[in-house]
Amino acid sequence: MDESHAVGGTHDPRGQRRAVVLGGTGFVGRRLVRALSERDWEVVVPSRHAARHRDMALWPSVVLVDMNPPGRSDLATHRDTPELAELLE
């Protein structure tokens, strides 16, 4: 993955890049999270069942957040909920 073409993410004051990966515990998402982690990204992974995926917390710079998503799957509708706003800060 060419980091100069990465979409999204932010930089914290220390210069570390940060991404929130929805679906990060799935088949493709786990590979994306590991790849970003190995490239020194801080990766936040919201999950309904974080305890099931606690092995991912051992990867460098991965933060698992136990969170139930909003009732509807339309995240744009719920982007101002406190849980999502906190993750995207």
Side-chain angles (χ1 to χ4, degrees):
M1 178 166 85
D2 181 1
E3 294 176 20
S4 65
H5 292 93
V7 176
T10 61
H11 289 272
D12 71 8
R14 299 166 298 176
Q16 186 177 27
R17 292 164 290 210
R18 181 178 191 201
V20 176
V21 179
L22 302 174
T25 60
F27 181 75
V28 174
R30 287 178 70 88
R31 284 151 182 80
L32 174 62
V33 169
R34 184 178 281 274
L36 290 170
S37 171
E38 289 173 349
R39 288 168 177 80
D40 296 324
W41 283 69
E42 177 187 9
V43 186
V44 178
V45 182
S47 174
R48 288 175 288 172
H49 308 287
R52 291 184 190 172
H53 307 287
R54 62 182 175 266
D55 62 305
M56 294 175 70
L58 299 174
W59 300 349
S61 304
V62 173
V63 178
L64 283 169
V65 178
D66 198 5
M67 159 182 174
N68 281 323
R72 293 186 53 201
S73 62
D74 181 6
L75 287 176
T77 302
H78 301 282
R79 69 176 173 253
D80 295 325
T81 61
E83 296 86 3
L84 289 177
E86 183 178 324
L87 289 176
L88 298 173
E89 286 182 349

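Heads up: numbering here begins at 1 and tracks the sequence.
Judged purely by atom type and a 3.5 angstrom limit, R34 has no side-chain atom pairing as donor or acceptor with the backbone of R31.
Note: R30 CZ to W59 CH2 = 4.5 Å, rounded to the nearest 0.5 Å. Distance NE2/H49 to OG1/T25: 9.0 Å, rounded to 0.5 Å. In this structure, CZ in R39 is found 10.0 Å from CZ in R17, a value given to the nearest 0.5 Å. If you take CG on D66 and CZ on R54, they are separated by 12.0 Å, rounding to the nearest 0.5 Å.
In plain terms, the two heavy atoms of M56 and G24 that are nearest each other are CE-O, 3.3 Å. In plain terms, the two heavy atoms of L22 and P46 that are nearest each other are CD2-CG, 3.6 Å.
In this structure, the side chains of V63 and R18 stay at 4.5 Å or more apart for every pair of heavy atoms. Counting only heavy atoms from C-beta outward, the side chains of S61 and D40 never approach each other to under 4.5 Å.
In this structure, L58 shares a hydrophobic cluster with no other residue, the cluster being traced through Ile, Leu, Val, Met, Phe, Trp and Tyr side chains under 4.5 angstrom apart.
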